[in-house]
Protein chains: 6
Amino acid sequence: MTNEASMGLPSFRQIQTLIKDQTEVEIKVLTNDLLVGKVRWQDDQCLCLLDHYDQPTIIWKQAMVFLKPKP
Amino acid sequence: MTNEASMGLPSFRQIQTLIKDQTEVEIKVLTNDLLVGKVRWQDDQCLCLLDHYDQPTIIWKQAMVFLKPKP
Amino acid sequence: MTNEASMGLPSFRQIQTLIKDQTEVEIKVLTNDLLVGKVRWQDDQCLCLLDHYDQPTIIWKQAMVFLKPKP
Amino acid sequence: MTNEASMGLPSFRQIQTLIKDQTEVEIKVLTNDLLVGKVRWQDDQCLCLLDHYDQPTIIWKQAMVFLKPKP
Amino acid sequence: MTNEASMGLPSFRQIQTLIKDQTEVEIKVLTNDLLVGKVRWQDDQCLCLLDHYDQPTIIWKQAMVFLKPKP
Amino acid sequence: MTNEASMGLPSFRQIQTLIKDQTEVEIKVLTNDLLVGKVRWQDDQCLCLLDHYDQPTIIWKQAMVFLKPKP
């Protein structure tokens, strides 16, 4: 289970809102890829992004640089 | 042994499903390599990927960026 | 919640001042991007940067290299 | 000493087997170097690789991406 | 506050000396930038570097590769 | 102080030997620099390398990839 300390963080809660609102986001990772889609779930280590074809990608939070709503 | 906290995470369980279902996956690592194969086992630090020739590669989770079922 | 140990650090307090003073900053991240904007909030893992259009970007502190007031 | 939790991991045990069997391996590290040799020992933080001239190289596990038996 | 374990480390104490002596240093970070200036303060996570114009830059220790007195 | 767990590791002890024997070493870091010199001291987070001119460089262990005696 996701530990309580993380769940109390503003960053965790902001991602929960993006999940609830099904907001499309861009995620920049350390390999310079910009991944686009909707966040399905998150835990302490990863989050799951659904692309346009509803295909799931598990992204490791350790490799994440920034995340923002798609303009 | 893999610690219980990790085993409860959705990301850990999702990989267990991929192991059980023998799903072919793509794993992007920090060196920008895209490794393809079937996940044989995972623990807190690594997972083992079998390629087409059933050759095992131990991949460090710390170097993993994203993982997805091969389209 | 952000843990108390972090909140006592000079680096955390200096960013709190930048938030309070609405100072425009430059943030260099590991992908060599230089992100510009005003810090809205921070927690142990991330901070939120508002760009010129007030669009929020969540940046992972693990990927941050340096931060400085925009000259 | 190497802590017990690590020693119980499949990844640690698999490397112990490679040490015992003197298997030649390839190790990809974050700088994209592919290091070849036989693993002499490992601990929580590093492993020692002997090259063709039996020269030891200490490799930090934090910088390891993947390891596989040399085809 | 900076935790006591870190403050006891030779590396932490060596940087305190550089702060006290106002020594000009070069800091190589993971993005390959070489930052030059005088260290003003350090904590567990960051240090603050003043450049020639006394402008402060907060550098994350996690992104630091090496530090040396400017030749 | 360097914590006891680290001091018991083979990797830590091997570096202590290199310090005692004043062996010249090559250290590859994540920015792909290859730093050459003699290790003067080490702690949990860093080690200090003296170059040909006896100039000290503090290297963060987090950025180290491999270390080997100079051939």
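Sequence lines set the chain letters: A, B, ... in the order given, protein chains first and strands last, and positions in each chain run from 1.
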Subject >> Any donor-acceptor N/O pair, F:Asp43 side chain to E:Ser11 backbone, under 3.5 Å >> reply: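 Side chain of F:Asp43 to backbone of E:Ser11: a pair is present.
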Subject >> Check against side-chain contact (heavy atoms from CB on, under 4.5 Å), E:Gln42 and E:Met7 >> reply: CA-CA 10 Å; E:Gln42 68 169 323; E:Met7 295 173 75; over 6 Å; no
Original post:
Among residues 14-21 of chain E, which residues come closer than 4.5 Å to chain F, judged by heavy atom distances?
Top reply: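 Hits under 4.5 Å: E:Gln14, E:Ile15.
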Subject >> chain F-proximal positions within residues 56-64 of chain E [heavy-atom distance under 4.5 Å] >> reply: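 At a heavy-atom separation under 4.5 Å, chain F is reached by E:Lys61, E:Gln62, E:Ala63, E:Met64.
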Subject >> Exercise: identify the closest heavy-atom pair between E:Asp54 and E:Leu50 >> reply: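 Result for this residue pair: O-CD2, 3.7 Å.
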Original post:
Contact part of F:Leu47 toward chain E, heavy-atom cut-off under 4.5 Å: side chain, backbone, both or neither?
Top reply: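 For F:Leu47, neither part sits under 4.5 Å from chain E.
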Original post:
When rounded to the nearest 0.5 angstrom, what is the spacing between CG in F:Leu30 and NZ in E:Lys28?
Top reply: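 One finds 11.0 Å between CG of F:Leu30 and NZ of E:Lys28.
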Subject >> Proximity breakdown for E:Val29 and chain F, heavy-atom pairs closer than 4.5 Å >> reply: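 Contact with chain F: backbone only.
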Any heavy-atom pair between the side chains of [Y] and [X] that's under 4.5 Å?
X: F:Trp41; Y: F:Val39; answer: no
X: F:Pro71; Y: F:Glu26; answer: yes
X: F:Asp33; Y: E:Phe66; answer: yes
X: F:Val36; Y: F:Lys70; answer: yes

Original post:
Is there a side-chain contact (heavy atoms from CB on, under 4.5 Å) between E:Leu9 and F:Gln45 once you walk through the steps?
Top reply: CA-CA 8 Å; E:Leu9 292 176; F:Gln45 298 182 1; 3.6 Å; yes
**OP:** Please check if any side-chain donor atom of F:Thr31 sits under 3.5 Å from a side-chain acceptor atom of E:Asn32, or the reverse.
**Re:**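 Absent: no donor and acceptor within the cut-off.
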